[in-house]
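Here is the structure we will look at, set down as structure tokens.
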There are 2 protein chains.
Amino acid sequence: MLTSRDVEAILIQHGYRLTRPRAAVVDAVLKYTHPFTAEQLVADVGTGKGGSIGRATIYRTLEILASLDVLTRLIQPDGHPAYICDSLGHRHHIVCSGCGTAVAFTFCPVQELVPALARDTAFEIHDHLLEVFGVCPSCQVSATSAGGPRA
Amino acid sequence: MLTSRDVEAILIQHGYRLTRPRAAVVDAVLKYTHPFTAEQLVADVGTGKGGSIGRATIYRTLEILASLDVLTRLIQPDGHPAYICDSLGHRHHIVCSGCGTAVAFTFCPVQELVPALARDTAFEIHDHLLEVFGVCPSCQVSATSAGGPRA
DNA sequence: TCATCAACTGATACCAGGTGTCAACTGGTG
DNA sequence: CACCAGTTGACACCTGGTATCAGTTGATGA
């Protein structure tokens, strides 16, 4: 698990300044256990709340953190982009459509598929996007205890 | 490959009326060989052009067609949603980041992963999202002939 | 400690994509 | 033909994200 020190070190390593607003964004980001949207972060640390960080700054910082692989950008079931911060490296997530909990998994089935896919389609494959959606154990329980799930 | 007749039959089968605007949207949709965005469709058949179909109607019709699996909703490399219409069933796409060409593949590596993932995470897995991005053969050629690719 | 300067910030206006509303219209049915 | 639910199109609105720019901040060297 990353700490704010780690992230700050990464920022500096890459030639970014460590400013107060950035530190605040990093702190907030590390507190999330679920995927969060940019707007959520704006609501949390944006102007008028505990913090007073401008929208633009927050979006810019998210951009930077994502480019440094500190944050992973993922797509929510409703199609909206979200971010999650767990640790470095290539990984995918299962996201609970009930409570939003995300669990990461490092095994990437697409990487195994890439050679065959490249051969079959003659495409040069550069990247991929994979999200899995489902219901986490605790949401399964509450759905059952609530009298059975209903579409 | 689907024809407009097929799609119209599907619509009626599911209790939707076959109206002139819907038929026009279906026709337009079937003409696309590449993934297209809703706004593109609005530009093509929307008010003021050859057609005169309202934005809302186009969005609504896309929604219906996607819910009937006539259209597949996919995510473009820039993160914007797009639609593609090739045929029915579960499938994924490789999208060329140069020209937008999409090639479908029916083999889904995620389905094989689902049991293990469900066991490991205790999630009930319902759905997934998979897009692969790359460069198609003809874009590879033009990149080379244009003096070599550049990051 | 101070001066300098580029990087950074926050406010604001703006833009694009998408949705909600509602009166008018249309197609299917009897 | 009359009726009515489903559908349409115009339009206002909302939301997420971006561009701009004057002012501020932090790192650096003297």
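Judged by distance alone, the side chains of E39(B) and Y59(B) do bring a donor and an acceptor atom under 3.5 Å apart.
The interatomic distance linking E63(A) (CD) with dT18(D) (C1') rounds to 11 Å, in whole Å. If you measure from atom CD1 of I53(B) to atom C1' of dT26(C), you get 15 Å, rounded to the nearest angstrom. Between the OH atom of Y16(B) and the C1' atom of dA5(D) there is a distance of 15 Å, given to the nearest Å. Rounded to an integer number of Å, the gap from L62(B) CG to dG17(C) P is 14 Å. We find that CG of L11(B) is positioned 15 Å from P of dG27(C), with the value rounded to whole Å. Between the CD atom of Q40(B) and the P atom of dG18(C) there is a distance of 11 Å, given to the nearest Å. Regarding H80(B), its NE2 atom lies at a distance of 11 Å from the C1' atom of dG18(C), rounded to whole Å. Atom-to-atom, CG of L18(A) to P of dA7(C) comes out at 17 Å; the value is rounded to the nearest Å.
Nearest nucleotide to the R60(A) side chain, out of dC8(C), dT26(C), dT9(C): dT9(C). Side-chain proximity of R55(A) to dC8(C), dG17(D), dG9(D): nearest is dG17(D). For E39(A), counting side-chain heavy atoms from C-beta on, the closest listed nucleotide (dC8(C), dT9(C), dG16(D)) is dG16(D).
For dT19(C), neither phosphate oxygen OP1 nor OP2 lies less than 4.0 angstrom from any side-chain nitrogen or oxygen of Y59(B).
Checking side-chain atoms of Q40(B) against main-chain N and O of T37(B) turns up a donor-acceptor pair under 3.5 Å. Checking side-chain atoms of Q140(B) against main-chain N and O of A122(A) turns up a donor-acceptor pair under 3.5 Å. A side-chain donor-acceptor contact under 3.5 Å links T61(B) to the backbone of T57(B).
The 5' end of DNA chain C is approached more closely, in terms of each residue's nearest nucleotide, by A56(B) than by the other of A56(B) and T19(B).
Taking 3.5 Å as the limit, the base of dG26(D) and the side chain of R22(A) contain no donor-acceptor pair of atoms between them.
The only option from D120(B), L113(B), L117(B) that meets the side chain to side chain contact (heavy atoms under 4.5 Å, CB included) definition with F107(A) turns out to be L113(B).
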